[in-house]
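Remember, predicted model here, so these are calculated numbers, not experimental data.
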Amino acid sequence: MPKTDHPLSFAQRGLWFLDRLNPGDTSYNVPFVVRLTGALDVEALTEALGRVVARHEILRTTFPERGGEPYQRVADPRPPVLPLVDLTGLTRAERDRHRRTLVDAWAAERFDLAAGPLMRVRLLRLDTDEHLLVVVLHHIVCDAESMHLLFDELADHYGGAGTPTAPPAPPVQYGHYAAEQRRRPVDEGELAWWRRHLAGAPTAIAPPGADRPRPAVRGTAGATHVFRLPEELAAAVGAFARARRSSAYMVLLAAYAALLGRLSGNRDLLVGTPVGGRSGPELESLIGFFVTTVPVRADLTGDPTFEELVARLRAATLAVLEHQGLPFEALVEGLGLERDPSHTPLVQVMFTFDPRPLAAPRFAGLTAEVAMAAPPTAKFDLDFMIVKAPDGRGLEVTVNYSTELYDAGTIERLAARFTRLLTAAIADPALPVASLPLLDDREEALVTRDWARGRAAHAMDVPVHELFARQAARTPDAPAACLDGTPLSYADLDARADRLARRLRAAGTRRGDVVGIMLPRGLEVLVALLGVLKAGAAYLPLDAAHPPAHLERVLGTAGGELVITGGGVAHRLDGVPARVLDIDAPDGDQDGDQDRDADRDEESQGAAAGDLAYTIFTSGSTGAPKGVGVSHGSLANHARAMREMFGLTADDRVLQFAGFGFDVAAEEIFPTWLAGGCVVALPGPPPPPRALTAVLEKGEVTVANLPASYWQQWAASLPGDAPSRLRLLVVGSENVDAGTLRAWCRRHPVPVINAYGLTETTVTAVAHRVQGPMTGATVPIGSPIDGLEAYVLDEDLRPVPPGVGGELYLGGAGLARGYLGRPDLTAERFVPHPFADGRRLHRTGDRARWRHDGALEVLGRLDEQLKVRGYRIEPAEVEAALCAHPQITRAVVAARGGPADGDRRLVGYVVPRSAARTRPARTRPARTRPARTRRDRSRSRPTCGPSSPGGCRCTWCRRRWSPWPRSR
């Protein structure tokens with residue numbers, strides 16, 4: 001057929017576009033190294049190379065443009081040139097070093113698609129009878145089958161060198177194939193089948209078991225790891241496949257899909273696999289880029305056995321092979337997928353299996369070993385290529401991976417997990433995929449014992465109020481609390497709490513009752529919480545800013561009938577069915593030591609470790625908040641553990657920053673008292689971040705416990721050194737910004753503890769201490785505190801390997817009793833402990849992983865829960881409240897803004913019943929109206945939150961902002 005310019009095939013056009021998009025990228029270089037041992041005839045090899053190039057036009061093709069459109073231009077055959085680099089004059093060490101340097105450099109040398117040539121061949125002489133033939137092509141002119149053809153023809157022509165005539169060129173060339181493919185319209189029937197087949201499939205999955213998240217724009221840096229599946233295992237795979245009328249490819253693909261599913265948490269995923277694309281016999285002997293990628297859908301739903309998974313993948317593979325005629329680029333375009341620069345379209349993981357060796361050419365008089373040079377690039381997140389080992393013993397697995405996502409050690413462990421999983425699956429194919437082992441014995445011990453458990457729990461039989469009384473007896477005159485420079489001694493605070501406890505008992509309070517506390521900030525709050533505990537009851541913090549309907553609902557759920565109030569906020573309980581005890585009213589207490597001793601006896605008998613100490617209501621997903629019940633034993637363990645972790649002594653002055661309605665207040669108060677230190681109370685709401693330094697200096701604060709977003713703003717506003725007496729900073733409630741922490745560690749000697757926990761785990765459960773230079777892109781949350789346990793588990797409550805994401809579960813001495821009045825929700829979130837009979841773990845809803853140094857790292861949420869400036873918010877609760885408005889039909893709530901600067905806000909989007917604009921905050925009844933709303937004029941949609949870190953001053957608030965969350 002006459003030679004002419006041809007259009008690019010679909011596959012070629014995709015690579016040409018990528019080359020234009022990323023000029024200089026070498027991801028699609030295809031480098032091979034052939035070790036030739038024996039007496040090499042260089043002239044014969046050069047002649048053989050020329051004959052191969054002459055037979056296949058694609059090896060002489062370049063891709064210039066005409067009018068902005070690329071086309072294939074075929075050059076005339078030229079006398080071949082085979083550059084020779086002789087290294088025989090070097091020592092063996094120098095030879096090896098130069099060999100590696102030259103091969104790596106040649107493999108990474110970029111191609112100019114318009115100018116060519118697109119195949120480079122060079123020869124390295126290592127010794128008189130040892131040579132390396134380095135062949136590098138651009139993928140736009142070849143595929144895997146082409147390399148078999150290239151080396152087989154090269155060997156055949158080498159053996160026939162010197163003969164007067166060469167075999168004729170094939171009558172059909174790659175350009176004819178490309179032209180015919182482009183003339184045919186896209187088969188709409190095929191495209192419709194693919195749309196049905198892929199309906200609901202995820203078109204992007206998180207990199208399975210990656211060390212780092214994807215960058216916003218995907219790079220091409222990569223590396224390669226090679227390992228071998230033993231001969232016995234390879235033989236067992238073949239026998240298993242034959243017995244089930246499958247192929248080794250299907251069995252190995254099933255193991256790969258199972259591994260990916262276990263590491264990523266996906267039960268439905270797409271794995272790309274290359275298929276030949278040579279649709280007719282006239283194309284089978286052609287070199288060229290025929291291969292196309294088909295996405296094989298791996299369905300792991302329903303907890304299949306490995307045998308069932310193989311059957312599913314057999315059916316899926318046979319189905320897609322019947323529809324492989326649609327080019328991958330046409331499929332992507334036909335599906336209308338939105339291009340995301342962070343990942344490849346449709347498939348991000350690849351799998352290739354070839355029962356043959358990589359290539360096995362037979363050069364006359366020579367021994368040839370073919371290997372791929374390890375490219376420093378990666379085309380996908382993860383790419384498994386399995387071929388027969390060169391020596392015929394077992395299977396060789398080449399893993400090409402993105403170094404933006406994976407470290408070399410992670411890939412080595414992944415290779416070991418693949419082998420372990422495959423071995424177990426073949427040995428017992430009736431095992432569910434979810435039960436196939438990923439961890440070795442050492443790893444399992446780490447994630448279920450050594451890393452998972454904090455030190456032993458502290459004594460839990462003595463409640464914190466009794467420990468306070470003992471401290472008061474030891475240091476009666478020491479300051480227990482301080483407000484605006486005025487101290488309150490341990491003895492005075494203990495006495496005032498005792499008097500309040502007697503009043504509560506006189507009012508009918510009994511052991512196990514719940515007593516509400518609604519008071520403004522100040523020392524009276526400390527008196528109230530101690531008094532409630534001394535009376536044998538549990539305290540329930542109430543926020544005077546909440547609407548009456550919310551207060552009524554919370555009290556009803558908790559079973560609270562009595563509320564301690566005063567300080568000008570008692571009127572907020574108007575209409576709420578509860579008895580009120582005014583803390584400001586004179587109690588007429590004239591009793592002496594005898595009555596006080598009697599109270600102590602009653603007190604000590606009234607609180608067991610399992611009794612309720614307090615309950616705090618957190619955001620609920622059904623529109624109603626849920627009350628978490630924390631026991632005396634859990635609170636006592638937490639107070640002792642934090643005292644030791646923070647290194648608290650009688651010399652410490654700890655800032656009481658958190659609002660009393662947040663459980664972190666307990667972490668600021670009780671550990672301080674157990675150490676004999678002083679709680680420094682704020683006279684009002686927390687100051688704006690820029691004013692915090694003055695507060696810390698005035699109060700001579702040594703330890704401060706701050707929400708991460710507030711701390712980040714304060715750190716950014718701090719012009720000089722940290723406050724003079726500050727020796728420890730505790731931050732939490734949200735992800736800590738690594739950049740802010742890095743800058744803090746450079747500028748200030750004050751160590752930082754990143755604390756993580758939930759109301760359900762008695763405040764902090766896991767903590768990480770940072771002191772000195774800080775490295776890394778994220779800040780870990782660390783390890784369990786004393787008495788606590790932490791596990792990262794999959795959906796089947798099985799431990800996941802280090803470095804792999806799963807759901808974080810917490811347990812141990814800090815575990816709450818559950819949700820008051822909600823046995824259904826308690827059973828859902830407090831699940832049976834998989835490693836200890838009769839115990840429970842709390843499902844946090846956070847996705848986390850173990851780092852390889854044994855520290856925990858939070859990766860994000862598994863549900864829709866939001867964190868806004870430390871507040872733990874269930875969007876459904878806010879959406880339900882918005883939809884209760886008669887003029888709103890639907891509502892969606894989202895967080896907007898960036899976490900690093902603490903400027904995240906809760907934004908509500910509503911659909912009104914009519915076209916008229918509504919003002920929910922102005923029209924809703926006061927009993928249900930939120931305390932903080934505002935109009936975001938930039939979006940003309942309602943938003944919640946303060947207008948500045950200093951507080952919201954809108955018409956409906958007129959109050960300062962309390963930035964503390966409802967949990968860590």
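Taking CD1 of Ile564 as the reference point, atom CG of Asp582 lies at 10.5 Å (rounded to 0.5 Å). Glu760 contributes atom CD, which lies 4.0 Å from atom NE2 of His842 (distance to the nearest 0.5 angstrom). Atoms CG and NE2, on Leu674 and His638 in that order, are 11.5 Å from each other to the nearest 0.5 Å. Here the CG atom belonging to Leu562 is positioned 9.5 Å from the CZ atom belonging to Arg503, to the nearest 0.5 angstrom. Here the CD1 atom belonging to Ile583 is positioned 5.5 Å from the CG atom belonging to Leu519, to the nearest 0.5 angstrom. For the atom pair Lys626 NZ and Thr759 OG1, the distance stands at 9.0 Å (nearest 0.5 Å).
Nearest heavy atoms, Val628 versus Ala816: CG1-CB, 3.6 Å. Residue Ala767 comes nearest to Met645 through the heavy atom pair CB-SD, 3.6 Å, listed as atom of the first residue, atom of the second, then distance. Across all their heavy atoms, Pro671 and Ala666 have their closest contact at CD-O, 3.4 Å. Of all heavy-atom pairs spanning Val680 and Gly699, the tightest one is CG2-O, 3.9 Å. Pairing each heavy atom of Leu500 with each of Gly531, the nearest pair is CD2-CA, 4.2 Å. When all heavy atoms of Tyr614 and Ala538 are compared, the pair lying nearest together is N-CB, 3.9 Å.
Ring-centre distance between Phe468 and Phe670: not below the 6.0 Å cut-off. Between His632 and His465, a ring centre-to-centre spacing shorter than 6.0 Å is recorded.
Side-chain atoms of Thr509 and Val515, non-hydrogen and from C-beta on, do get closer than 4.5 Å to each other. Contact of the Glu667 side chain with the Asn705 side chain is registered, since non-hydrogen atoms from C-beta on lie closer than 4.5 Å. Looking at heavy atoms from C-beta onward, Pro625 lies in side-chain contact with His550 at the 4.5 angstrom threshold. Residues Pro687 and Val695 are in side-chain contact: their nearest non-hydrogen atoms beyond the backbone lie under 4.5 Å apart. Contact annotation: the side chain of Val731 never approaches that of Ile753 to less than 4.5 Å [non-hydrogen atoms, C-beta and beyond]. Using a 4.5 Å heavy-atom threshold, the side chains of Tyr710 and Pro689 count as touching. Under the 4.5 Å side-chain criterion, counting only non-hydrogen atoms from C-beta, Ile785 is not in contact with Tyr756. Residues Leu555 and Leu542 form a side-chain contact, since some pair of their non-hydrogen atoms from C-beta on lies under 4.5 Å apart.
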Fill in: CA sep, side-chain torsions, deciding dist, call: Thr764, Met642, side chain to side chain contact (heavy atoms under 4.5 Å, CB included)
CA-CA 8 Å; Thr764 295; Met642 291 298 99; 4.2 Å; yes
Fill in: Chi angles and distances behind the side chain to side chain contact (heavy atoms under 4.5 Å, CB included) call for Leu504, Val532
CA-CA 7 Å; Leu504 289 170; Val532 171; 4.0 Å; yes
Item to complete: For Val630 and Leu612, run side chain to side chain contact (heavy atoms under 4.5 Å, CB included): C-alpha distance rounded to whole Å, both residues' side-chain angles, the deciding distance at 0.1 Å, then the answer.
Response: CA-CA 6 Å; Val630 174; Leu612 194 65; 5.6 Å; no
Fill in: Ile616/Phe662 under side chain to side chain contact (heavy atoms under 4.5 Å, CB included): CA gap, chis, key distance, verdict
CA-CA 7 Å; Ile616 287 180; Phe662 304 110; 6.0 Å; no
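Judged by distance alone, the side chain of Thr826 and the main-chain N or O of Arg822 form a donor-acceptor pair under 3.5 Å. In this structure, the side chain of Asn637 does not engage the main chain of Ser634 through any donor-acceptor pair within 3.5 Å. Looking only at distances, a side-chain donor or acceptor of Gln656 sits under 3.5 Å from a matching main-chain atom of Ala658. Listed for the Arg817 side chain is a donor-acceptor partner under 3.5 Å among the backbone atoms of Gly610. Counting only distance, with no hydrogens or angles, the side chain of Glu668 and the backbone of Phe657 share a donor-acceptor pair below 3.5 Å. At distances below 3.5 Å, not a single donor-acceptor pair connects side-chain atoms of Thr475 with backbone N or O atoms of Ala472. With hydrogens and angles ignored, the 3.5 Å screen pairs a side-chain donor or acceptor of Arg572 with a backbone N or O of His546. A side-chain donor-acceptor contact under 3.5 Å links Glu734 to the backbone of Ser709. Looking at Asp584, its side chain does come within 3.5 Å of a backbone N or O of Gly567 through a donor-acceptor pair. Side chain of Thr615 to main chain of Leu540: no donor-acceptor pair is present (N/O by atom type, distance under 3.5 Å, no hydrogens or angles).
Partners of Ala636 under the side-chain contact (heavy atoms from CB on, under 4.5 Å) rule, at least two apart in sequence or in another chain, are Val464. When the side-chain hydrogen bond (donor to acceptor under 3.5 Å, both in side chains) test is applied to Thr486, no partner is found at least two apart in sequence or on another chain. Ser717 is linked by a side-chain hydrogen bond (donor to acceptor under 3.5 Å, both in side chains) to nothing, counting only residues two or more places apart in sequence or in another chain. Asp492 pairs by the side-chain contact (heavy atoms from CB on, under 4.5 Å) definition with Leu488, Ser489, not counting sequence neighbours.
Checked options Lys534, Arg499, Arg474; the residue passing with Asp494 is Lys534 (criterion: salt bridge (Lys or Arg N to Asp or Glu O under 4.0 Å)). With respect to Leu655, the side chain to side chain contact (heavy atoms under 4.5 Å, CB included) criterion is satisfied by exactly one of Leu682, Leu726, Val679: Leu682. When each of Asn754, Leu810, Leu788 is paired with Val766, the side chain to side chain contact (heavy atoms under 4.5 Å, CB included) condition holds for Leu810 and for no other.
Annotation for Glu644: atom CD counts as buried by contact number, over 12 foreign heavy atoms lying within 6.0 Å.
The side-chain hydrogen bond (donor to acceptor under 3.5 Å, both in side chains) contacts involving residues 670-693 comprise Thr693-Trp714, where partners must be two or more places apart or lie in separate chains. Sorted by first then second residue, the salt bridge (Lys or Arg N to Asp or Glu O under 4.0 Å) pairs that include residues 646-659, not counting sequence neighbours, are Asp652-Arg727.
Classification of Glu466 and Arg470 as a salt-bridged pair holds, one side-chain N sitting under 4.0 Å from a carboxylate O. Salt-bridge formation is not detected for the pair Arg640/Asp786: no Lys NZ or Arg NE/NH1/NH2 atom is positioned less than 4.0 Å from an Asp or Glu carboxylate oxygen. At a threshold of 4.0 Å, the pair Asp498-Arg496 does not count as salt-bridged, since none of the basic side-chain nitrogens sits closer than that to a carboxylate oxygen.
Note on ring orientation: taking the six-membered ring where Trp is involved, the planes of Tyr539 and Phe660 are parallel (angle under 30°, cut-offs 30° and 60°).
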